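Structure, as structure tokens:
Quantities reported herein were computed from a predicted structural model and do not represent experimental measurements. Numbers restart at 1 for each chain; the letters A, B, ... are given by sequence-line order, proteins then strands. Excluded from the calculations below are hydrogen atoms, water molecules and symmetry mates; all remaining heavy atoms, backbone and side chain alike, are included.
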8 protein chains.
Amino acid sequence: MKPEQIHILESFARLDIERAKRTGIPEAVFAEGKSPQQVLALLLSLSEKAGYALATRVQSMVAAQVMDEIPKDRKTSYNQTGRTLLVTRPDYEPKSTGGKIAILAAGTSDLPVAEEARVTAEVMGCEVLAYYDVGVAGIHRLVQPIEEILKKEAAAIVVVAGMEGALPSVVRGLVPMPVIGVPTSIGYGYGGRGEAALMSMLQSCAPGLTVVNIDNGFGAGATAALVANRVAQAISRSQH
Amino acid sequence: MKPEQIHILESFARLDIERAKRTGIPEAVFAEGKSPQQVLALLLSLSEKAGYALATRVQSMVAAQVMDEIPKDRKTSYNQTGRTLLVTRPDYEPKSTGGKIAILAAGTSDLPVAEEARVTAEVMGCEVLAYYDVGVAGIHRLVQPIEEILKKEAAAIVVVAGMEGALPSVVRGLVPMPVIGVPTSIGYGYGGRGEAALMSMLQSCAPGLTVVNIDNGFGAGATAALVANRVAQAISRSQH
Amino acid sequence: MKPEQIHILESFARLDIERAKRTGIPEAVFAEGKSPQQVLALLLSLSEKAGYALATRVQSMVAAQVMDEIPKDRKTSYNQTGRTLLVTRPDYEPKSTGGKIAILAAGTSDLPVAEEARVTAEVMGCEVLAYYDVGVAGIHRLVQPIEEILKKEAAAIVVVAGMEGALPSVVRGLVPMPVIGVPTSIGYGYGGRGEAALMSMLQSCAPGLTVVNIDNGFGAGATAALVANRVAQAISRSQH
Amino acid sequence: MKPEQIHILESFARLDIERAKRTGIPEAVFAEGKSPQQVLALLLSLSEKAGYALATRVQSMVAAQVMDEIPKDRKTSYNQTGRTLLVTRPDYEPKSTGGKIAILAAGTSDLPVAEEARVTAEVMGCEVLAYYDVGVAGIHRLVQPIEEILKKEAAAIVVVAGMEGALPSVVRGLVPMPVIGVPTSIGYGYGGRGEAALMSMLQSCAPGLTVVNIDNGFGAGATAALVANRVAQAISRSQH
Amino acid sequence: MKPEQIHILESFARLDIERAKRTGIPEAVFAEGKSPQQVLALLLSLSEKAGYALATRVQSMVAAQVMDEIPKDRKTSYNQTGRTLLVTRPDYEPKSTGGKIAILAAGTSDLPVAEEARVTAEVMGCEVLAYYDVGVAGIHRLVQPIEEILKKEAAAIVVVAGMEGALPSVVRGLVPMPVIGVPTSIGYGYGGRGEAALMSMLQSCAPGLTVVNIDNGFGAGATAALVANRVAQAISRSQH
Amino acid sequence: MKPEQIHILESFARLDIERAKRTGIPEAVFAEGKSPQQVLALLLSLSEKAGYALATRVQSMVAAQVMDEIPKDRKTSYNQTGRTLLVTRPDYEPKSTGGKIAILAAGTSDLPVAEEARVTAEVMGCEVLAYYDVGVAGIHRLVQPIEEILKKEAAAIVVVAGMEGALPSVVRGLVPMPVIGVPTSIGYGYGGRGEAALMSMLQSCAPGLTVVNIDNGFGAGATAALVANRVAQAISRSQH
Amino acid sequence: MKPEQIHILESFARLDIERAKRTGIPEAVFAEGKSPQQVLALLLSLSEKAGYALATRVQSMVAAQVMDEIPKDRKTSYNQTGRTLLVTRPDYEPKSTGGKIAILAAGTSDLPVAEEARVTAEVMGCEVLAYYDVGVAGIHRLVQPIEEILKKEAAAIVVVAGMEGALPSVVRGLVPMPVIGVPTSIGYGYGGRGEAALMSMLQSCAPGLTVVNIDNGFGAGATAALVANRVAQAISRSQH
Amino acid sequence: MKPEQIHILESFARLDIERAKRTGIPEAVFAEGKSPQQVLALLLSLSEKAGYALATRVQSMVAAQVMDEIPKDRKTSYNQTGRTLLVTRPDYEPKSTGGKIAILAAGTSDLPVAEEARVTAEVMGCEVLAYYDVGVAGIHRLVQPIEEILKKEAAAIVVVAGMEGALPSVVRGLVPMPVIGVPTSIGYGYGGRGEAALMSMLQSCAPGLTVVNIDNGFGAGATAALVANRVAQAISRSQH
């Protein structure tokens, strides 16, 4: 092994130690396809270091097993709709960043993805304004959410929608905040597993709309919180 | 050959003689991929029988050549935007059915498809209310069209849109007429050759919306006119 | 929040109150992926307002649970083949519009989709002429349906077909009514989940044929009924 | 190199010498993407051995160049529609096998593929009954072809169709011969480059229909001729 | 209803009465997605008319139920591997046509499809030479099959293969008979549900190879038998 | 027309008047598929109202023609690489918002998309740190850009990449800003028109990365500027 | 049958007798879709000849059944994670070739595929350096593996990764050995069944990276071992 | 900027300086989509450092322009078929590594890709045994190549094939060397732009076969040379 290669590799070794600090988003455990034992081990190890740890896509039976076997010195909180499991050290104090985001979901079937986004943003210290069942078919229900979002000045909006995925474009056309679209695997027939919604959001005429992959509530919530936290930090810093 | 087979085939022979009468829509010449000579021959033969003949997807150079070589006893009318070429016998009197339809197009790039639909419906005797450049991004421009469509009681609406193809759903949610969506091959990247628009229209939450294939202005215009002509005929018949 | 935005939002608020009246098609509950509790709640709320409420894609077990828990002041009717559940207030009087449509299904496996279309059109007040198992492979069985449809002057025809999806084109070529094609997810191998049928219908040489998404019996039935009701209304109005 | 491997390889060496005899179909030159020089060289070499050689997909300019440069001791015959170029030695006597096939093409645009099939079958010694422009939209034109095919007892039928590709199924349902479907890249929008036609033929309810790839007239003509030649040979042998 | 339309429809009415005679292939019941009751009813009705009836894709439990409830005056024969169920009237005498085909299957997993083809061809009166597990990976096992096929002069060969689907091309390159390729849904990852095999067969350099859809053993067996029966008939006729 | 409908439509009429103010992003002219005359007309109309107007995807010949025909009272600026054309009124004073973004491009071929993003963000008043040719294959070139981006505290980063599209994930893993990935249509073979890059970015393990459609530099630049302007505004507001 | 054909076929007959010797990779049993009886029979037959036999994709229940019924004169070894089952004759002595490969897996979910590769290479006599959970998100964990791989001079590296599949490119950029990428069916939404990973690896900018199909651990392990064994053999030969 | 981040970035800075040494494959210029000026600049810069530089996908007109403008102190060599352009410093002495590879191409149309692979491997110091036009349709032409490859002990084989892409599997089944398959974009209709060939190679039953992307001759040649150079190095080292 040549000196040059050693150097590269050593520097890699220091790379991930402070990932959450460096990137602004904590590591999470994607539980799908992992055994309860693997999920438990990862949650314990992460929460040991950071005070808390979040797992996503946790089926109720996996969650029950993990919560059963978790040591007494950890607290757990399971969100059944969003399928998230949060583990915290007793000494862990959730901090509020002052960041504010909003989450809108088009239909009842989009709730699991919306809740995954909500929990993620809250874990990152944000206040979340959540408005569900405000799809295009019932567009009048958009009024109160949009009013509040404008008044409370949320820094970014997550919009969750399946079927033809038109809601993010509509919302983006009404507000001055960036919108993060999350297509969901809700629909039927041609394009019904989320492709139609994903395609529509990517084709949208409304600039200021960016997207994450189908059903990726975690990614959308984390990105919105990242933006919100930067705005909050900017305000806070400039005030000191 | 057995008698049974002869019978079947003989009856087939009579099948297409009066296609336009039987189906309510005249045969048209799809000019794409045909030589000017072939287009000319077909237009002459069809107009000989029916008094008029319509060709679609006629490039300007093909149209010029056909119009050059057409006998003096025919009149021609070329629509450059819609790429349609209409040939009529001098004795042909266009009849008005009393049917009324509307056509909305989302953007400037959707005009060729919209015009193809308009000419088709007019050839079938309908009055056409045409409103172009009323896309979702400029949704206020929808006001006057929708007002007129409601007031004049168009029997069906053709809505032409590319990109994310949201306009047909929006229109359908505001009116009591059936809407025929025509996705166009306008867009870019993933889903940009009309697939996103087609998928969105097929996934639409708005029942009462049916679709034709990408860029198929002829099919949409013909179907809308068919509906309008039936309504007009119903009115006319019940008044006598 | 600026005045302009308030105005927009307020007007939205009034938008969906009378959706059924405005669009001519009642809202329905898409039960797939919803819990029995959610389906029940939606059906109660909708039937409270409109006198009746329709749910589609209701599995028998969900239907049983909903019917078990429904209050005594509601009547229910479950169509096992079509997987539809209709809930009505005791004082609700189904009205007949005089509209008339026809539904043809190619094969035994297409029945669920055809029945979904039938129930939908009937709920919208139409008379439905239903002819099943009249696929291209047994084309002689088309005779009696087509004769009746022509004689009774159905205003629109829903044609349900899987496999290569050729029936809608064939039917459209024989009648002067608009045809709404519904591809079904019946078939095998390449294109067998409805794509072949959908593609064929979209490529069809027969203008006057429009399509809805794979297995979307509700959309097809509702559109056909919309057309039929307009024709009936035109007749009725012109007679007064 | 071990003896076993040498043995295998030696036997391979003898494998292709008499390909046409062994497989019943002569080798052809697929000219697309080859230079005029390469096409010329291959045609000379093949015709030297077999007395004749066929090239397919030969653009007119390539054909012109090849015909210009070909030695005096060869005869050439170029089919402009089918884009085939046949080269023969002066001493070559085309033999007739007594085999008989039929070729039907749905539309004008399908002619190049149909002609490629026709030339191929003729080169293989078959009589070809060719009927063009007999698409589903003008189904009465099928009468005379089907009558003749039944009377003359063609051994196999090639049916060429683009768009929704329904003609092969229809034909197969009327005759007792095997049908070979050739989807063509004619159509528009979704599925319009031959996929819809290919899918439809593969999903067809009509057993006895097999398919070749999109636009593969050579393969279809060769297979039909192969069947026809076997039938002719069976008759001829049993008579001696 | 106009006289012309009555005529067309009447002639349709006679169309399907003698389908098997006209097309050379008997109608079969595709049992997938049908209830045991539906399968039973169809088998009884078909066997009543024709003396026998074949159902394909019959799961063992459906077969058991059908066989349990079938009247005493019918005989049944279930092929578990091929999932076919044959029902015959006691007076039915299977006829031998003298036709001969061969079936080759690449791997153990391809057996269900191969057996479906075999039973179909036998029901149509053919002798079937069946050779299984002769895939490209064990190409030496091809020797005895090919020798026998050449010696016994099978009229057509069905080749069943999944994965990369290379066997049909290889076989076709060694024999003078037409080959019908059946891709199977065996494989993994990209292209593993039969698409790779289907594509390969359609791209094959070996003319004389045509294909049916993925897993369509019935279609392949029926087509091969159709060809074989024609050859047998030609021989038989010319001898009389 | 009912009063309710009139109200809805009237409110729509006011909707788009101040789109730029309401959404934070100015309308732009997508020149692809438009004639020079159409582009000119749109640019004049928009710049009349807003003082400036931006067109994207302007081919050099179209740009030349527009610049030739533009009235003297407008200034134009054409960016040949980015294919953008900016038109301003003489009295227009570009305002600086204080917002700051960064743009990284992986390869030389990605420059047009990156430049489109840059011009867009500058038009929106942002300072842009642009670093090109910093692809994964030359990852050491990332050092200086990342250092500067961190030091100057850009609020958001646009990362443009084709091929396997890995750069956005890598960058996002090193910085605390949100990253907007733009896949480009650079690559070859399977997935080479941008699909591989799009898929990779959507599958990325790095939360905080959102994407726009293939080659959509305008959307990415506009979104980044939107975020940056909000941060700048937050700072500015809290200081007053 | 002609002499030429006999010759070809005879030579085929000798072709597969010594496949493992000729190709350097032993035949294995792909257990997916086979019954326990079929798997057992194949393993017994192969191990009889070669001393050992390997089956892949063996579900635990199938493995249990096979191990229950295996004769006493065989030893079995089941790897639950990798789903491989190895059967050996008592007299079989595993030989070490001196070949050395490395296997890296990106995430916990990639273990089954990585283990399948490891067992395969070990059965082929190689030493395997296995490093799991070294994904791009925790890139510092790459340090120790790369150091060891360089020091121990593995001849080839298998890199297993799902999601965006970036690890193989990264690894290949750091080492002088050929890398074999194995995309796994881990991911979600668009491209999540392995297509994104497969596409990325095929689009990779890093030459020296080749790929096998999604989840094909056996193929990757076998190829790496083949390379390693050649290097070992070269060394060994040149030393004698 | 925090110290940790500085450290990471500094180490990156040293990363790519000696890429060729570290990875065993020199950097190359992918000329497609680059201007002659850009290609020239990159070739000069790379050849300055390394003594030589290779560009791939160089159209003849681009090559001519580059060769025209290149300074006198460089030598150039353009391979028209393979579209490669090699630039060397006068003092550059190509070194031979002793590595040996083979390249087989199925058809005439595959030559450009095969030549790209050949030039790449030669630039890397390998001897290349090249055999073209040895496709499956002319399998006897495989004899001499395979004999030579076995005798000369090539370390790896590149097999280039379009259409159904069967050649790599066949070759791999006959030799003990690893095979690298290169699907080419040669074919027609469904799967004809290289997808069928790519899929087939990925589905291949023959382990020891890995693939690169469609038309990627550079990647295949480089990988084969990498393997060959390692074998040569192993021999050379063990002899000293």
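- Your options are A:Ala232, A:Ala28, A:Gly208, A:Ala220, and the one with the most heavy-atom pairs under 4.5 Å with chain F is A:Gly208.
- In this structure, chain F has no heavy atom under 4.5 Å from any part of A:Met201.
- Ranking F:Val179, F:Thr223, F:Asn216, F:Ile214 against chain A, the residue ahead of the rest is F:Thr223, based on heavy-atom pairs under 4.5 Å.
- Contacts between F:Gln203 and chain A at a heavy-atom distance below 4.5 Å involve backbone atoms as well as side-chain atoms.
- A heavy-atom distance below 4.5 Å is found between the side chains of A:Leu54 and A:Thr84.
- Of the two parts of F:Phe30, neither the backbone nor the side chain holds a non-hydrogen atom closer than 4.5 Å to a non-hydrogen atom of chain A.
- Counting only heavy atoms from C-beta outward, the side chains of F:Val211 and F:Ser204 never approach each other to under 4.5 Å.
- F:Thr56 contributes atom OG1, which lies 11.5 Å from atom CG of F:Asp215 (distance to the nearest 0.5 angstrom).
- Between the CG atom in F:Asn213 and the CG atom in A:Leu209 there is a gap of 11.0 Å [rounded to 0.5 Å].
- With rounding to the nearest 0.5 Å, the separation of CG in A:Asp110 from CD in A:Glu115 is 12.0 Å.
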